[in-house]
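Just so it is clear: chains get the letters A, B, ... in the order the sequence lines come, proteins before strands, and each one is counted from 1.
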Protein chains: 10
Amino acid sequence: MSLVGKKVMPFKANAYQNGEFLEVTEEDFEGQWSVVVFYPADFTFVCPTELEDLQNEYDALKEMGVEVYSVSTDTHFTHKAWHDNSDTIGKIEFVMVGDPSHTLCENFDVLIEEDGLADRGTFIIDPDGVVQGVEINAGNLGRDSSALVRKIKAAQYVRNNPDEVCPAKWEEGSKTLKPGLDLVGKI
Amino acid sequence: MSLVGKKVMPFKANAYQNGEFLEVTEEDFEGQWSVVVFYPADFTFVCPTELEDLQNEYDALKEMGVEVYSVSTDTHFTHKAWHDNSDTIGKIEFVMVGDPSHTLCENFDVLIEEDGLADRGTFIIDPDGVVQGVEINAGNLGRDSSALVRKIKAAQYVRNNPDEVCPAKWEEGSKTLKPGLDLVGKI
Amino acid sequence: MSLVGKKVMPFKANAYQNGEFLEVTEEDFEGQWSVVVFYPADFTFVCPTELEDLQNEYDALKEMGVEVYSVSTDTHFTHKAWHDNSDTIGKIEFVMVGDPSHTLCENFDVLIEEDGLADRGTFIIDPDGVVQGVEINAGNLGRDSSALVRKIKAAQYVRNNPDEVCPAKWEEGSKTLKPGLDLVGKI
Amino acid sequence: MSLVGKKVMPFKANAYQNGEFLEVTEEDFEGQWSVVVFYPADFTFVCPTELEDLQNEYDALKEMGVEVYSVSTDTHFTHKAWHDNSDTIGKIEFVMVGDPSHTLCENFDVLIEEDGLADRGTFIIDPDGVVQGVEINAGNLGRDSSALVRKIKAAQYVRNNPDEVCPAKWEEGSKTLKPGLDLVGKI
Amino acid sequence: MSLVGKKVMPFKANAYQNGEFLEVTEEDFEGQWSVVVFYPADFTFVCPTELEDLQNEYDALKEMGVEVYSVSTDTHFTHKAWHDNSDTIGKIEFVMVGDPSHTLCENFDVLIEEDGLADRGTFIIDPDGVVQGVEINAGNLGRDSSALVRKIKAAQYVRNNPDEVCPAKWEEGSKTLKPGLDLVGKI
Amino acid sequence: MSLVGKKVMPFKANAYQNGEFLEVTEEDFEGQWSVVVFYPADFTFVCPTELEDLQNEYDALKEMGVEVYSVSTDTHFTHKAWHDNSDTIGKIEFVMVGDPSHTLCENFDVLIEEDGLADRGTFIIDPDGVVQGVEINAGNLGRDSSALVRKIKAAQYVRNNPDEVCPAKWEEGSKTLKPGLDLVGKI
Amino acid sequence: MSLVGKKVMPFKANAYQNGEFLEVTEEDFEGQWSVVVFYPADFTFVCPTELEDLQNEYDALKEMGVEVYSVSTDTHFTHKAWHDNSDTIGKIEFVMVGDPSHTLCENFDVLIEEDGLADRGTFIIDPDGVVQGVEINAGNLGRDSSALVRKIKAAQYVRNNPDEVCPAKWEEGSKTLKPGLDLVGKI
Amino acid sequence: MSLVGKKVMPFKANAYQNGEFLEVTEEDFEGQWSVVVFYPADFTFVCPTELEDLQNEYDALKEMGVEVYSVSTDTHFTHKAWHDNSDTIGKIEFVMVGDPSHTLCENFDVLIEEDGLADRGTFIIDPDGVVQGVEINAGNLGRDSSALVRKIKAAQYVRNNPDEVCPAKWEEGSKTLKPGLDLVGKI
Amino acid sequence: MSLVGKKVMPFKANAYQNGEFLEVTEEDFEGQWSVVVFYPADFTFVCPTELEDLQNEYDALKEMGVEVYSVSTDTHFTHKAWHDNSDTIGKIEFVMVGDPSHTLCENFDVLIEEDGLADRGTFIIDPDGVVQGVEINAGNLGRDSSALVRKIKAAQYVRNNPDEVCPAKWEEGSKTLKPGLDLVGKI
Amino acid sequence: MSLVGKKVMPFKANAYQNGEFLEVTEEDFEGQWSVVVFYPADFTFVCPTELEDLQNEYDALKEMGVEVYSVSTDTHFTHKAWHDNSDTIGKIEFVMVGDPSHTLCENFDVLIEEDGLADRGTFIIDPDGVVQGVEINAGNLGRDSSALVRKIKAAQYVRNNPDEVCPAKWEEGSKTLKPGLDLVGKI
């Protein structure tokens, strides 16, 4: 059974955002949409472009009521240092969570035990703290933030319109389906 | 620990394709790229549009050396019936696998036990039978096949060019990165 | 120890009947006679004739106060689709229960685990929810509904006349036996 | 999982037949069709009529290559005594097996533990010693031997014509079905 | 540790006596002396003469306040049939208990598991339901009821005269011993 | 399951006989008939008369090829002392076994744990070391050696004439029964 | 950890003393000094001289407020018989405890399991029921009662003068030591 | 079961003797008589007088072929220091074993766990390394070495004259007993 | 996980200080700074110089509010004797704890089990009874008390100035650091 | 039992040194002296001064044949970044080991589980890979490298002069002690 449809397990972690250190818990996920983005390690190769790509969508996501959390097994001290020293990472405005105790990685089932690093997993979490989407890629594949935005919009639409469902490749404003007995076997 | 980087576990299943019944096993995944697409049930709402969307990319995927397997807990008999009766599904040319014994759903960790139905999980598998990508959505969210195609292309590129990695939002032909000590902390 | 004489275990399942989806539980078995008929799969060979044969007795069974439930591991969506598309099945008026989670099949001990399909089991259940008769055939043998009707009539007669028992081959109106000490060893 | 499709478990029992005591084992079931008929107790009420009914079909069954075994938890001594003293039972020519150790009742899962008596179970066993049909009735319901004969004939026909299956209510000589892909969803 | 000195364990059994069926429990043993006589099977060889021998003492035992219970793993139906059909057994007036569930045989530790039959055990039980004497013989040895009567008389005498003990070969009216310190080492 | 029909378990014990100390093991039971007579304690009340009674039959038993072993949890030293000091016991010629380690009492299941004393158990053992008869009495009841002699004679007769069985109250030279199918239910 | 300093465990035993049978329990040890003397068996070799030696000190011990208990696995009946028959033992006035159930031997850890006999253990017990001295000798070594008396006197002295301790070879009236910091390393 | 009759368990310890450090193991006990004397602690009160008392017998014991080992949980360094600083202890010529690891104390079952100190136990060990005598006193009771010497002499006599046993209070040269059947109950 | 940051576990021990014996428990550590210094054994080589070195700092430590406890598995009796006899040790004024039961050594994880001796461990404990520093050296390495004093001073400074931290090689009065976000990555 | 005297457990880790990434295993510790210095996290407060302090001794340590390994749960990527960005850390020439999998922290028992960070532990390891010294400080206490150098010198001296031991506060060239029996209790 996957994590989809399950509530996020409790955790407490230190994070860096906008020049401040802050504490993050599963309670922060209540009442907002959240995206949790795991990546292996600070100061490595694919990661910065992935995080930059995510930052480019951050304003749009914030407008959609979505908070973004990037997570690696590095500390929040290292996150700050990376932010201070990398032009690319220095632009990041979302929450950079440190998980040196591996708690979050294990809760989201993305810890590569022998390395102590995270898989490249992305999780969409609804305002009830329930996982609505999971995506995990092998270590050398980057992710595409625009696909992520599309998925969150679809998830938000369905949540606001519980009688309708989104067919494949749905874009904002496109037609959705209302499930009903007469549709069974008719599409 | 996620399924990414793990080999597909053994299974044996009956499937329907192009007017024929056939048997599928994990050995079919050796030597080709494979996509395994789980969905909850035949004759339901989002599913046909998702599968139709996938069919639209099938020629492209075949050219890329990718075989496509859709899986639900329905039987291959029901798959045939759906194919016979639905205009949308009738167009499908890829392999429709029946999993009434829940073996594949459990192997890929997408069985919703209380319903006996699959989560909407998509798995990219390389020619060694190793999972390279996982995507799972809540039941009422459709998937986007074009994002899937992009991911497979990137995975194939990285496999063929083991010294390079793909930054985020990579498109075929775009620049990749060669990891090296001097890149650390420099992006 | 067989299921005969035991109460039906709790379950909750989705079903299709007369163009409607409905939920069925073990509580529906209280206060009426019930027949539960398992078969392997929709859209297969022997099954439709067996179900048609059962439908032919349905009016008679309803008059006797008996509700009929057919069960396979297919979903209620597939049942509806089969009903919509098959002339034979389209005539069916009784309850077609979907058991993709295998709950009912396991409760009645008729799940063929390696296939995820049901044995061809028929169960007669009295108004207390207690099993009065069991019949299970190998996969390629059809059942005879008129023998089923005879058995239910006998069961109902014995329930209404607790002092009498039915000798073999009893038909409605034929003589029954009143058990007593003087009969021991005298027949 | 029911006993249908499973091989009979090993046993050794004493029996009475035609004025002789004999030993019966599961090896006797190899190479012939067998019917095993359990009943609660000698010298009781429904039982004699059931056994008489079975005796009436015995010649027909023998011609079909079927041996009949009745079993209760009584001893073979009691079977002989019942045979000697009852007009009805005195006519019986088939094998009357004693099961005071409960071995057979437990092997066929028909022991009512608190009573030490058997359920009214009937088992059809093919020449490989594999169960092809099971029927169990509550204690006060008699069985109908002619339905049994019909079922065995169907089972024999299917065994001899492995490509065909018997639809419901099949009678000897009636039309059977040849399963094939084109029949799926077409009946 | 033997059963001697232990209370009879609870049981419930059907029995035949004097043309009636009755239920027997361990409570029947309270307030009377009881003899429980196990034998292998009705309609066999040594058994009838043993039971006849016991019947010959039955009047004497009744006068002594002793009830007699014979037990085999046969049913009470079979007991009645044996009683009806055997001249020897037909004379029996004591209680013939059926133990097809093996409960009594196991309580008194006389079940031969592989046969499902009882050892030839005799148990003397006092009015407190406590075993005072046990005798068990190999299957082909008969028992002697007059020795049994002598033992019960001695047991009754000792119970009524708790200060005295019975030396070997004691017969009713013969001298008994009063245990006391001065007797130690003096006989 | 009782000890009847079971082989005596291995043991090694010190004993007193005819002014000598000797060692006794289960191997002494091979090739002769044996009687093992347990009693609670030397220098007590019923015991001497029981043992005297047994001594009176000792010559007859020896002629029948039977060795006699009396056993208590006293030592062989105490047995000698009792033999030396008691007129009654001084006559004893059979083997007086000491069992202070409780090994024999536990092997024959006659140890009263809380007292460390034996029940009054008598065991007849055939030349294969197999128990043929068991008799156990409450502590204050004496045993009758002549009944014992009769039982051994019957056991010896049956062993020498394996086709015959001894009906109840059999005395040497009286008629026995040959078991056969025609006797079933005829006595 | 040895028994020294531990309280005697509960027990109940029969004993012989001065022509009477009595019951002894651990409660008898409260409020008096006790000596418990185990020996292997009545009617054996070293034992009588040891017990006679003990009897010679009995008056002195009684005056010191000490009760003496000899214990073997023999019964109290055997103790009486030995007392009656042996000139040496006949002089004994202390309590002779029977331990056929091995309870005391196990409580004092002196049971030789394979023999069912006691080691030659002597235990000094203070008025709180606490063991103050243990002595155990191999089977063929006798004990010296005068050494025992000296030890009890020393134990009594120390109990009455809790501030002093007894140096080695202390005799009644000799100087004792008062422990104190200044004595450390000074003797 | 006590240690008497058991072989000493393996150990390795450091000891002090005559101005030297040496290693002692259980192998040193083979081929000589040994006395092992436990005491609580160096530099305490009763202990020095006990050890001095033992030293006084050391020449005699050596002549008898006996080696003496004193043991406490102190180290051999502390033993040397005590020997250097105490007039009393300075005279000691036997082996002073250090047991800070508690190995010997646990092997001889004399460790007072909560204190980490030894009971005052004395053990006589024969040339086979088998314990022949045990004596343990409460903490404030001294031991008497002359009683120890008497016991060892008796043990040596019995070992050299295996046919005889030593009655109580035996002194060197006094009469011993030859065990035999005729002595039983005669002393 | 090391002991640093953990509370000292409960214990009770006897100790020697200034010509007195006293009891020490973990409660003595509350409300004062404590140093616990383990060493292998009294009367050995490195130990006295280490303890002397510690004594030389004792006045300074007392002024700093620090109590010092030296611990070995020797008894407090041996500690006194060592103190009495060694010029070096005779100067010691701090608490010398005896741990013959190994309780403290095990609580602080410094017991060398096979020797029953302590590692050379030093523990700094704050007034809450929490370990602030651990140092353990191999057996032949001495410790340096002045480094210990520096560490305690630093620990006390940090406790009194919770906002500051001590950089390496901090000496009393030297500059400390105030941790803050702006220092991250800036030193 | 502490780690002192134990061999380092196997591990494999990535490290950064002098502009290169390298792999470190426990085999690197064979044949050289090693110091392993754990600290909580890169880019934090006390740590840089501690590491700088260590760097200041690095040339001396290298001359002494000692390699230095600093370890935190940060990755080697982060170590490189810290080295690149911090003036203090940029001077470091020893090996900076990354332990994001916590393997080394757990092997050396310094993982603070709830934080996923290391205690401030320092370990001296000899050329056999055996731990000779352990020092662990609370999180806000810095370490003093010169004390570390002194300890290693002493350890090396003792290793090269196995007959001598180092008293407390030993400095290179100062007098050492040769252990011997005559020194016991003499210092």
Would you say NZ of D:K6 has more than 12 non-hydrogen atoms from neighbouring residues, nucleotides or ligands within 6.0 angstrom? yes
Heavy-atom contact with chain D under 4.5 Å, split by part of C:L111: backbone
Would you find more than 12 non-hydrogen atoms of other residues, nucleotides or ligands less than 6.0 Å from C:E23 atom CD? yes
Are there more than 12 heavy atoms of other residues, nucleotides or ligands under 6.0 Å from atom CD of D:Q32? yes
Checked D:I124, D:V4, D:I136 vs chain C; the most non-hydrogen pairs under 4.5 Å come from D:I136
So, the part of D:D119 with a heavy atom under 4.5 Å from chain C: the answer is side chain
